[in-house]
Amino acid sequence: MDVRVRFAPSPTGQIHIGNIRTAIFNWLYARHNNGKFLIRVEDTDRERSTQEAIDILFSELKWIGLNYDETPIYQSKQIEHHREQAEKLLDNKHAYKFAKGEGDEAVLFNIPWDDNTLKNISTSGQIEISIHPDIPVKICKQGLFYASISNKGKPIPTEACLAGFKDLSIIDSNNQCLFQINDEIQPILNGEKTCEIKNGQRLRFLRREVYFDDLIKGRLSKPLDSMKDFVIVRGNGSPVFHLANVCDDILQNITHIIRGDDHIENTYRHTLIFQAIDAELPSFTHIPMITNECGKPYSKRDGDAFLSDLRDMGYLPEAILNYLTLLGWSPDDDTEKMGQKELISRFTLDRVQNSPAKMDQKKLLNLNGQYMEEIPPEEFSQHVTEIISDQSWGNSVDPDYLDDVAKLMQSRTKTYNQVQDWSYFFTDNLNFDEKITNRHLQKPGIKEAFSLLVTSFSDLTFELNHIESCILDVTESIGVKPGKLNLPLRIALTGTNVGAGIYEIILILGKDKVIRRLDYAINNLT
RNA sequence: GCUCCCAUCGUCUAGUGGUCAGGACAUUUGGUUUUCAACUAAAAAACAGGGGUUCAAUUCUCCUUGGGAGUACCA
């Protein structure tokens, strides 16, 4: 069977790092297996879903390079279909109607008493749990209501589905059986009878579990007595996530569901719904979540939680794709830098980690630098042009001049955002740091040296070796060690104490700018 | 409270019933360089704790601790 996976975000704003990583794993799995990667927009939350968010979703997918197959479907357009499925579930007793308080009747999924109707339910043996004798046990179609006992001996109201208590006996303090569910089960299941048993001390029953096989975590199971019948259609008629999600996965013929492990609890429920609808169960894979730099789950309050934040910081989509894939997955050797093609050919789910991963921007930055290095110079220069055109100093620059600057700077640029610090190539308005200038320029001899340089430069043919020897001559003539003039010179010409080689910078800046800036420094800074 | 998931250097990870527990980022120290970056050589750095199985446990198992999730007429 062909692999069909899906990415099913709810469009309520920006795309989360964790979400996009889930999308990436789905996409890689599909591409690796020559399958289909589908999009489903889960826009049933009308209050929070916006068209703007939907637009963002598609543009972000495109930006990071996740192409999808087939026409995306919108969950909001499937509501009728969901309701039909709910009707069917009602018809074959897998669901029932129930009103909480005085509201409208909602539809609840009926976790089945009879385990022959559903697969994926196993028996794990007879167990006993203690209950608080002061609180009567109430048993009805909706489930079992009782009180467990806290550490301090106080009652804790607890409720669970009926199906969790196969062969239930309620035992009192004299070890007498007060109640046996098998005697009463039919009328209870039909909703015709409610039992209330006082003075119970222990519940003895056959524990049953719902299970599924996770591709990376193995078999996962959960006791039915820790679950409740749950709402699948609200009192107002709108389908709930659990139903909608399952129906749409069936509709889209999804074969593999790959999602965050925060969905494990949902999957137990979904497993039941799939089978109640009589659909084939897809295979499930739960991938670990990504946490922020503090090790906490990403929330919207964290800075840099969104894909767009990373883009705004100047990271390249290739680097993000590469880095995010490495968060929770590794190939079978030490390779780290992998492009789209290589990731696709090497990606398999069995090499996915099963513990959560912390986001480390420093590593992303390093990887981004590796990708920046490989950008063809023309492309780099082109992109730089776009970036600096937003700057007051960068909107009308000579293309050839910019090419030279870009060529000089590319190897030391780790993100495109660093380009914003290049203003000194284009404007004489330098951002001097008073501390630095005072320290390096207000020293004896600097003024004289700069004056000498202005004189020598004005007659010089601007070539790299001439510039270098000229500066060395001046340095020597004022009795300073070779190279000691470079830093003051750099500061006077660029305003900063770091950057590319100063001789190259001087060459690119050209005679006019250099002399102008030296004059300024002589008069104002030394 | 109950249920579920998780646990190797600071971080991402590799790995195995017997390994000097490997790599990358970050860190520190040298080299190179006119500064920075790059490059280069090196250093420091981990199997959460406690039982059990075993000749042997980081690896299998149990418990504890810690982290996370669910326990909604949110998705």
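Residue numbers begin at 1 in each chain, while the letters A, B, ... track the order of the sequences. On a predicted model such as this, the values are computed, not experimentally measured, just so you know.
Of the side-chain N and O atoms in A/Lys296, one or more sit less than 4.0 angstrom from OP1 or OP2 of B/G68. The side chain of A/Arg234 contributes an N or O atom lying less than 4.0 Å from OP1 or OP2 of B/C74.
Evaluation of the side chain to side chain contact (heavy atoms under 4.5 Å, CB included) rule for A/Ala95 yields A/Leu89, A/Leu90, A/Val107, A/Ile232 as partners, not counting sequence neighbours.
When heavy atoms are screened at a 4.0 angstrom cut-off, A/Ile156 is found touching the sugar-phosphate backbone but no base atom. Using a 4.0 Å heavy-atom cutoff across all strands shown, A/Arg351 reaches sugar-phosphate atoms only and no base atom. Residue contacts shown for A/Asp332 are absent, as no nucleic acid heavy atom lies under 4.0 Å away. Using a 4.0 Å heavy-atom distance criterion, A/Ala357 is classed as a sugar-phosphate-only contact. Within 4.0 Å (heavy atoms only), A/Asp225 reaches no atom of the nucleic acid at all. No contact: A/Ala244 has no heavy atom under 4.0 Å from any strand. Residue A/Gly260 is out of contact with every strand shown, counting any heavy-atom pair closer than 4.0 Å.
For residues 140-166 of chain A, the set of pairs meeting the ring pair (Phe, Tyr, Trp, His ring centres under 6.0 Å) definition, not counting sequence neighbours, comprises A/Phe165-A/Phe205.
A salt bridge does not link A/Arg207 to A/Glu209: none of the charged side-chain nitrogens sits closer than 4.0 Å to a carboxylate oxygen. Electrostatic pairing of A/Asp249 and A/Arg6 counts as a salt bridge here, judged by a charged N lying under 4.0 Å from a carboxylate O. Electrostatic pairing of A/Glu374 and A/Lys337 counts as a salt bridge here, judged by a charged N lying under 4.0 Å from a carboxylate O. Between A/Lys141 and A/Asp229 there is no salt bridge, since no side-chain N of the basic residue sits under 4.0 Å from a carboxylate O of the acidic one. A salt bridge links A/Arg346 to A/Asp332: at least one charged side-chain nitrogen sits closer than 4.0 Å to a carboxylate oxygen.
Pair check for B/A7 finds B/U65; Watson-Crick or G-U wobble, both atom distances under 3.5 Å. Base pairing annotation: B/C73 forms no Watson-Crick or G-U wobble pair, as no partner gives both donor-acceptor distances under 3.5 Å. Figure legend. B/U59 is base-paired to no nucleotide; pairs are counted as Watson-Crick or G-U wobble with both atom distances under 3.5 Å. Remark: B/G30 base-pairs with B/U40. Criterion, Watson-Crick or G-U wobble with two distances under 3.5 Å.
When rounded to the nearest whole Å, the span between CG of A/Leu408 and P of B/U35 equals 16 Å. Taking atom OH of residue A/Tyr503 and atom P of nucleotide B/U33, one finds them 12 Å apart after rounding to whole Å. In this structure, A/Ile436 atom CD1 and B/C36 atom C1' are separated by 12 Å, rounded to whole Å. At whole-Å resolution of the value, CD in A/Gln361 and C1' in B/C12 are 14 Å apart. The separation between A/Leu464 atom CG and B/U34 atom P is 13 Å, rounded to whole Å. In this structure, the CZ atom of A/Arg269 is 12 Å from the P atom of B/A75, given to the nearest Å. A straight line from NE2 of A/His242 to C1' of B/A75 spans 9 Å, rounded to a whole angstrom. Separating the OH atom of A/Tyr323 from the P atom of B/U13 is a distance of 8 Å, rounded to the nearest angstrom.
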Identify each atom pair where a protein N or O and an N or O of nucleotides 37-42 of chain B are less than 3.5 Å apart, giving names and distance.
none

Between the protein and nucleotides 2-8 of chain B, which nitrogen or oxygen pairs come in under 3.5 angstrom?
| unit_1 | atom_1 | unit_2 | atom_2 | d |
| --- | --- | --- | --- | --- |
| B/U3 | O2' | A/Lys222 | NZ | 2.8 |
| B/C5 | O2' | A/Lys217 | NZ | 3.3 |
| B/A7 | OP1 | A/Asn354 | OD1 | 3.2 |

Is there any protein nitrogen or oxygen under 3.5 Å from a nitrogen or oxygen in nucleotides 43-48 of chain B, and what are the pairs?
none

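Comparing B/U3 with B/C62, their P atoms sit 16 Å apart, to the nearest whole Å. Separating the C1' atom of B/C2 from that of B/U58 is a span of 32 Å, rounded to the nearest Å. When the P atom is compared between B/U53 and B/U13, the two are found 34 Å apart, to the nearest whole Å. A gap of 11 Å separates the P atoms of B/G22 and B/A46, to the nearest Å. B/A42 and B/G49 have their C1' atoms separated by 34 Å, with the value rounded to a whole Å. Going from the P atom of B/U64 to that of B/G1 covers 13 Å, rounded to whole Å.
Distance from the side chain of A/Val498 is smallest for B/U35 among the nucleotides B/U35, B/G23, B/A75. Looking at the side chain of A/Val231, the nearest of the listed nucleotides B/G1, B/A75, B/C73 is B/C73. Side-chain proximity of A/Leu327 to the nucleotides B/C12, B/U71, B/C73 is greatest for B/C12. Considering only the side chain of A/Glu336, B/A24 comes nearest among B/A24, B/A72, B/C74. If you check B/C12, B/A14, B/G68 against the side chain of A/Ser330, the one that comes closest is B/A14.
Checking A/Glu105 against A/Ser150, the closest nucleotide of RNA chain B that is more toward the 5' end is the one next to A/Ser150. Taking the nucleotide of RNA chain B with the nearest heavy atom to each of A/Lys362 and A/Trp329, the more 5' of the two is matched to A/Trp329.
Note on ring orientation: taking the six-membered ring where Trp is involved, the planes of A/Phe462 and A/Phe457 are perpendicular (angle over 60°, cut-offs 30° and 60°). In this pair, A/Phe284 and A/Phe274 present their aromatic rings perpendicular. The plane angle is above 60°, beyond the 30 to 60° band. A perpendicular orientation is assigned to the rings of A/Phe306 and A/His16, their planes being inclined by more than 60° (bins at 30° and 60°).
Put simply, CG on A/Asp134 and NZ on A/Lys154 are 13.0 Å apart, with the number rounded to the nearest 0.5 Å. A/Phe25 contributes atom CZ, which lies 12.5 Å from atom CD1 of A/Ile20 (distance to the nearest 0.5 angstrom). In this structure, A/Ile170 CD1 and A/Ile131 CD1 are separated by 6.0 Å, a value rounded to the nearest 0.5 Å. Rounding to the nearest 0.5 Å gives a distance of 4.0 Å between OH of A/Tyr503 and CG of A/Asn486.
The aromatic ring centres of A/His286 and A/His263 sit 6.0 Å or more apart. The distance between the ring centers of A/Tyr315 and A/Tyr416 does not fall below 6.0 angstrom.
With 3.5 Å as the limit, one finds no donor-acceptor pair spanning the side chains of A/Thr271 and A/Asn120.
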For this session: Step by step, work out the side chain to side chain donor-acceptor pair (under 3.5 Å) result for A/Asn245 and A/Arg269.
Result: CA-CA 11 Å; A/Asn245 195 264; A/Arg269 300 202 265 227; over 6 Å; no
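For B/A26, its base never sits under 3.5 Å from the side chain of A/Lys363 at any donor and acceptor pair.
Using a 4.0 Å cutoff on non-hydrogen atoms, no part of residues 415-423 of chain A comes near RNA chain B.
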